[in-house]
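See structure below.
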4 protein chains.
Amino acid sequence: MAKATDTSGTTPVPQRLLAAATRLFAENGYDRTSVQEIVEAAGVTKGALYHYFGSKEDLLQEVYARVLRLQQERLDAFADADEPIERRLREAAADVVVTTIDNLDDAAIFFRSMHHLSPEKNKQVRAERRRYHERFRALVEEGQNAGVFSTATPADLVVDYHFGSVHHLSTWYRPDGPLTQQQVADHLADLLLRALRP
Amino acid sequence: MAKATDTSGTTPVPQRLLAAATRLFAENGYDRTSVQEIVEAAGVTKGALYHYFGSKEDLLQEVYARVLRLQQERLDAFADADEPIERRLREAAADVVVTTIDNLDDAAIFFRSMHHLSPEKNKQVRAERRRYHERFRALVEEGQNAGVFSTATPADLVVDYHFGSVHHLSTWYRPDGPLTQQQVADHLADLLLRALRP
Amino acid sequence: MAKATDTSGTTPVPQRLLAAATRLFAENGYDRTSVQEIVEAAGVTKGALYHYFGSKEDLLQEVYARVLRLQQERLDAFADADEPIERRLREAAADVVVTTIDNLDDAAIFFRSMHHLSPEKNKQVRAERRRYHERFRALVEEGQNAGVFSTATPADLVVDYHFGSVHHLSTWYRPDGPLTQQQVADHLADLLLRALRP
Amino acid sequence: MAKATDTSGTTPVPQRLLAAATRLFAENGYDRTSVQEIVEAAGVTKGALYHYFGSKEDLLQEVYARVLRLQQERLDAFADADEPIERRLREAAADVVVTTIDNLDDAAIFFRSMHHLSPEKNKQVRAERRRYHERFRALVEEGQNAGVFSTATPADLVVDYHFGSVHHLSTWYRPDGPLTQQQVADHLADLLLRALRP
DNA sequence: TATGAATGAGAGTTCATTCAT
DNA sequence: AATGAATGAACTCTCATTCAT
């Protein structure tokens, strides 16, 4: 959670700023992180930040955009694979856990700071989030229609149940805990699939 | 989420302040809520606030203390009931959903603003939270030891899985949605119990 | 133009701030005057300024409101007097010169900084200004209708002609110049009346 | 007041910059206009601006120099004409009105932004302004000495009276108002001449 | 002749908190 | 028990200008 930021080396300034902001937003929260802290952590001046980003909020949005893009791409790949629905859902469910643990900072920011975005940007992020949710739900529904998943619970609720646990990871997961990220991922995917047994 | 606050009536000033603060913290976040806004919403002056509370942070802690107390009491009651373990877990799992929905503002604050507390107070809240978690975990383990719940997943993880979905409620639950709070609670408890089938 | 400001004495803080702001706005212009300079000149802190005024712009508006109020009152008094129209116009025309010279700072600010007000406040000031203009015009028209003033020039234009010269005072008038303010006032009023001879 | 600026065409870059700056200074004031806005309006980059002009202030001074040169030339022409003094003054007085209305942007900048120049440049502009004033005053005095103008008012004051109204034009004159610029000019010149009748 | 990344100082404003009353 | 004036530090953001290319 506290990787060092390259403050003067070869990494381009915008990336340096984004990395520093991500770390600080995750550690201290968006409102508690001052622009001054960000530029100091990135080894540049305020002017440089405002040369590349229109506002502090833009930095936050960039963090969102990056993680959303990544997760959507991965979900699409797993969902489109040529495998049985049970397997595709299990792998997608496990992958989102692994990816989230790999980017715990982004995840923490995502779920904690979304309400700091202006209504306009918030709407945009929610829309992309919705698209992600629906792709996942389609997998659940596909299995329900095929009769391999129980229909006892509405698919929407099933998805929210699983995403809740993903969301929660940044609260309790520690890299030095008893379980590796893959083990956690397998367990959580397993819980989902077991709950869906007819 | 936006109940009116009694700004001048008979409610004692400290309660009025707490109610106003809860609503505003949930709506706009802790950092985005100014002390001025709180006292205006409560119909008192700054001096009055600082007469009853030592700081803005104290208000936040009071919100936590209240919700933690309430949830611990309810969990204890369900866990100590004289019923089969399967039923006790189901009812505890459903109740925490209902209680959370009944106090969505508190829940939103809880999961979003904990890092705004000073390290000392944070530690205290985490300790109480831990106690709550462990009581819940004990229920799962009891069922596992009795052979009615699967032991495929560590009990800790099971608890985090469920709490994740509770935590997530404030993100997606809307009172005017298709499901009543009781229906949501039953579904989520059902998912938990189904996942625990041996 | 550079009266000393009471920085710590008995004058109430709002007045001190207004006096300091007036002097600095006149000397350096609104945009060139920083809030920091104002509070230093008034011997208070920024917090105190924002306790009494909502913004820097509010200070500017207060300067306007004060001078508009004063001038309207005086004009009304002269216009309502029980004297021949020729005399009433002459005295009103001379008085606005004297009053303007007495408050050269306000006048300089008035004509130089009005466009710094937000559209909303600008509109409000223009409306009050318009009222003043129309009262003055009514005097000219009264004389024209009575046949004592020439109708060769539209009354509106006559008023703008005179006010232009008043406006211009802050550009050239110096207290240590060859003419006293009363002499200047009499000359300018005389020019107006002479121009209006049939 | 808002002529479009040729942002990419054949007009040389310095002229384009000057035109854009003039329009923006008049619309928003000197301090409120950023160098960035000027170069964007002119369709060039900052580097280009600083290639041709040493500073933002230099742009302002160029605007002044241009209008001063123009007005001095025209006044000299009218003053030197071979006509009776009464006619020469009337025509000069009317011409400055027409020229000012033709360049209302420059006029607005002139009277509002002079104090934004550095002391050195300010002094220079005032000196040229003084020369213009004195040429005009000489006309008044010539008529007074010839007995065709009243000597009741000092010539200096007469000139300031007229210039005040010229200065004031940018405050009230609107191209779509009831009077054409020529009509306004004739009226204002007439007021001056009528005031000077012995 | 022109670019545009980067600077660094300073802008207006907000805010939790204190304290004399 | 309660007021509200005042503090002072921190906040986000702007801007004219420079300079390597």
Side-chain angles (χ1 to χ4, degrees), chain A residues 12-14 16-17 30-39 42-60 116, chain B residues 12-14 17 30-40 42-60 116, chain C residues 12-14 16-17 30-39 42-60 116, chain D residues 12-14 17 30-40 42-60 116:
Chain A
V13 168
R16 290 220 309 266
L17 283 165
Y30 176 77
D31 276 333
R32 308 287 251 237
T33 303
S34 74
V35 168
Q36 189 59 43
E37 286 170 326
I38 298 172
V39 299
V44 300
T45 60
K46 279 190 206 172
L49 186 155
Y50 283 95
H51 182 71
Y52 291 106
F53 298 91
S55 65
K56 185 184 169 188
E57 206 192 334
D58 278 6
L59 270 170
L60 180 57
H116 290 321
Chain B
V13 168
L17 283 164
Y30 177 77
D31 278 330
R32 309 282 246 239
T33 303
S34 71
V35 168
Q36 188 60 43
E37 286 170 323
I38 298 171
V39 299
E40 273 168 20
V44 302
T45 60
K46 282 190 192 172
L49 187 152
Y50 280 94
H51 181 72
Y52 291 108
F53 297 91
S55 67
K56 184 184 170 188
E57 206 192 333
D58 280 5
L59 272 170
L60 181 58
H116 292 325
Chain C
V13 169
R16 287 217 314 261
L17 284 165
Y30 177 76
D31 276 333
R32 308 289 251 236
T33 303
S34 74
V35 168
Q36 190 60 44
E37 287 170 323
I38 298 171
V39 298
V44 299
T45 61
K46 280 191 198 175
L49 187 154
Y50 282 94
H51 181 72
Y52 292 105
F53 298 92
S55 66
K56 184 184 170 189
E57 206 192 336
D58 278 7
L59 271 171
L60 181 57
H116 292 320
Chain D
V13 168
L17 283 165
Y30 177 78
D31 278 329
R32 310 283 247 241
T33 303
S34 72
V35 168
Q36 188 60 42
E37 285 171 323
I38 297 171
V39 298
E40 272 168 21
V44 302
T45 61
K46 281 191 194 172
L49 186 152
Y50 281 95
H51 181 73
Y52 292 109
F53 297 91
S55 67
K56 185 183 168 189
E57 208 191 331
D58 280 6
L59 272 169
L60 181 58
H116 292 324

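Just so it is clear: chains get the letters A, B, ... in the order the sequence lines come, proteins before strands, and each one is counted from 1.
- Between the CD atom of Gln36(A) and the C1' atom of dG10(E) there is a distance of 13 Å, given to the nearest Å.
- Here the shortest heavy-atom pairing between Lys56(A) and Tyr50(A) reads N-OH, 4.3 Å.
- Minimum atom distance to the side chain of Thr45(D) is reached by dG4(E), of the listed dA6(F), dG4(E), dA6(E).
- Look at Tyr50(C) and you won't find any side-chain N or O under 4.0 angstrom from OP1 or OP2 of dT14(E).
- Looking at which nucleotide of DNA chain F each of Asp31(A) and Val13(C) is closest to, the 5′-most match is held by Val13(C).
- For the residue pair His116(D) and Tyr30(D), the shortest heavy atom distance occurs at CD2-CB, 3.5 Å.
- The listed nucleotides are dA2(F), dC11(F), dA2(E); the one nearest the side chain of Tyr52(D) is dA2(E).
- Donor-acceptor pairing under 3.5 Å, judged by distance alone, is present between the side chain of Lys46(D) and the base of dT17(F).
- If you take CD1 on Ile38(B) and CD on Glu40(B), they are separated by 11.0 Å, rounding to the nearest 0.5 Å.
- At dA16(F), one or more side-chain N or O atoms of Lys56(D) fall inside 4.0 Å of OP1 or OP2 (strictly under the cut-off).
- Contact annotation: His51(D) side-chain N/O to dA2(E) OP1/OP2 distance is not under 4.0 Å.
- Arg16(C) has its CZ atom 12 Å from the C1' atom of dA6(F), to the nearest Å.
- Put simply, CG on Leu17(A) is 14 Å from P on dT12(F), counting in whole angstrom units.
- Distance check: Leu17(C) CG to Phe53(C) CZ gives 6.0 Å after rounding to the nearest 0.5 Å.
- Where Glu57(B) and Val35(C) meet DNA chain E, the nucleotide closest to each residue was compared, and Val35(C) sits on the side nearer the 5' end.
- If you take CZ of Phe53(D) and C1' of dA16(F), they are 16 Å apart, rounded to a whole angstrom.
- Glu40(D) places its CD atom 13 Å from the C1' atom of dC15(F), with the value rounded to the nearest Å.
- Nearer the 5' end of DNA chain E, as judged by each residue's closest nucleotide, is the contact made by Leu49(A), out of Leu49(A) and Glu37(C).
- A distance of 11.0 Å separates CD of Glu37(B) from CZ of Arg32(B), quoted to the nearest 0.5 Å.
- Remark: dA6(E) base-pairs with dT17(F). Criterion, Watson-Crick or G-U wobble with two distances under 3.5 Å.
- The listed nucleotides are dA2(F), dT17(E), dA2(E); the one nearest the side chain of Ala48(D) is dA2(E).
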